[in-house]
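Encoded as structure tokens, the structure appears first; notes follow it.
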Amino acid sequence: MKFQELKLSDTLLEAISFMGYEEATPIQEKAIPAIMEHKDLIASAQTGTGKTAAFILPVLNELANDNRHETKVLVIVPTRELALQIDQQIQGFSYFTPVESIAIYGGGSGSEWDQQKRALTSGTEIIVATPGKLISHLNMGYVKFEHLRYLILDEADRMLDMGFYEDIQKIITYLPKERQTLMFSATMPPKIKQLAAKTLKNPVEISIGLSKPAEGVLQAAYLTYENQKTPLINDLITGKPEVKSVLIFSSTKKKVSDIVHGLRGHGSEIRGISSDLEQSKREEVLRDFRSKRTRVLVATDVLSRGIDIKDIDIVINYDVPGDAEDYVHRVGRTARAASSGLAITLINERDMMSFRQIEELIGYEVMKLPLPAGLGEGPKWNPRVIRRPYRGKGNFRGSDRRKKR
Ligand code: AMP
């Protein structure tokens with residue numbers, strides 16, 4: 001469907017064509033009309049489906065008819081990176097309008113706090129905030145939400161996973177009861193349904209391709225012993241200038257630095273990112289990766305949801321993600337929207353069963369590739385071998401135990 005059919009203003013249509021979007025994605029096609037009819041909404045849509053534009057566009061369309069300089073929209077998100085990214089998208093779409101927005105998140109300096117306070121008290125139209133930081137400001141008593149018209153909860157399932165349920169409830173007590181609430185979540189576990197029942201009024205429900213990696217991603221896996229993993233990655237990505245952007249996920253912060261040191265490359269070609277890095281450093285690393293100055297980025301889960309980096313050629317799961325949904329999110333970092341990409345998972349002998357469960361979730365088997373010559377033999381594919389029943393004290397085989405994440 002063309003954006004013109006969605007009855008958006010000419011100014012927004014101009015911004016959309018500036019962004020290079022040609023057709024609305026399915027979530028945009030369904031969500032934009034419902035939001036324009038002032039309905040509450042609950043949408044299950046993973047990142048990569050265009051869900052951010054699905055809520056920003058109709059909201060900006062409405063704000064364009066109202067010139068009062070007041071805070072009218074609150075977007076709550078789980079992480080700073082997502083807050084920044086949504087804020088950037090809003091700034092792109094609202095470039096030709098007087099609407100202002102700011103991202104409010106923790107980890108910054110005192111001057112950032114002052115800037116956030118100014119934005120919250122001077123009626124910046126759109127606030128994109130992480131729950132904890134917003135509550136710190138709310139506790140100071142100067143935040144004015146009496147003109148708020150939209151509450152948007154993005155990545156709601158991730159926010160609950162991170163323990164923000166109470167914080168979200170508390171923030172809602174500061175908001176007008178008469179408002180439009182939009183909730184986006186990749187998964188719909190019972191707690192999300194409970195939050196929806198409490199927060200939304202007669203919502204329109206939309207479900208978009210849950211739990212399936214974006215189309216266009218070629219998925220493959222290698223069966224490897226732990227000590228073959230880094231040499232394998234070196235083999236896959238070194239001496240290949242056509243591979244300009246590689247994102248590697250590891251299960252722990254410790255491993256991030258081990259992998260960075262084990263890969264061949266120099267200077268800023270290979271960088272690591274985890275929650276150990278200061279916010280300003282994290283932003284710098286992400287910026288360098290976005291601009292392709294850094295070719296290989298090794299990351300913990302911080303990046304797997306929500307973060308929008310275009311044109312990643314290869315995503316590599318150094319370990320099988322513990323949660324099958326996380327696999328889908330990680331793989332979703334490549335082949336965003338309509339482009340294509342490659343996602344590779346390295347499976348050691350202990351992780352085969354977990355990988356089998358992922359295959360069950362996505363509904364097909366991922367191709368297992370032979371290791372390149374020179375790396376030796378890897379383990380044989382046998383996803384059942386690990387699940388031996390526990391036979392009581394003394395009979396437990398330590399090596400059979402699933403790796404603790
Ligand atoms: P999201 O699911 O909001 O994280 O968006 C994923 C990516 O798709 C972002 O890079 C968007 O800029 C891009 N995108 C969103 N809508 C469209 C569209 N209609 N056409 C092309 N790309 C889009």
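Whatever order the structure lists ligands and atoms in, that order sets their numbers, starting from 1. Just so you know, these numbers use all the heavy atoms, side chains as well, and skip hydrogens, waters and symmetry mates.
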Exercise. Give the intermediate values and the outcome of side chain to side chain donor-acceptor pair (under 3.5 Å) for residues Ser280 and Arg282.
Key: CA-CA 5 Å; Ser280 57; Arg282 274 157 77 168; over 6 Å; no
Self-check item: Flag if over 12 foreign heavy atoms under 6.0 Å of CZ, Phe18
Solution: no
Quiz item: Are Asp154 and Lys51 close enough for a salt bridge, meaning some N to O gap below 4.0 Å?
Solution: yes
Quiz item: Any nitrogen or oxygen of Ala53, main chain or side chain, under 3.5 Å from a nitrogen or oxygen of ligand 1?
Solution: no
Quiz prompt | Contact atoms of ligand 1, heavy-atom distance to Glu23 under 4.0 Å | solution = 18 (C), 19 (N), 20 (N)
Practice problem: Could you list the residues that satisfy side-chain contact (heavy atoms from CB on, under 4.5 Å) with Arg295, not counting sequence neighbours? | Solution: Ile237, Val243, Glu269
Exercise. Kindly state each residue pair satisfying ring pair (Phe, Tyr, Trp, His ring centres under 6.0 Å) with at least one member in residues 154-192, sequence neighbours excluded.
Key: Phe55-Phe184
Quiz item: Who's closest to atom 23 (C) of ligand 1 heavy-atom-wise, of Tyr21, Phe93, Phe184, Phe55?
Solution: Tyr21
Quiz prompt | Atom indices of ligand 1 within 4.0 angstrom of Thr52 heavy atoms, with elements | solution = 1 (P), 3 (O), 4 (O)
Quiz prompt | Interfacing atoms of ligand 1 (cut-off 4.0 Å, heavy-atom, Phe3) | solution = 19 (N)
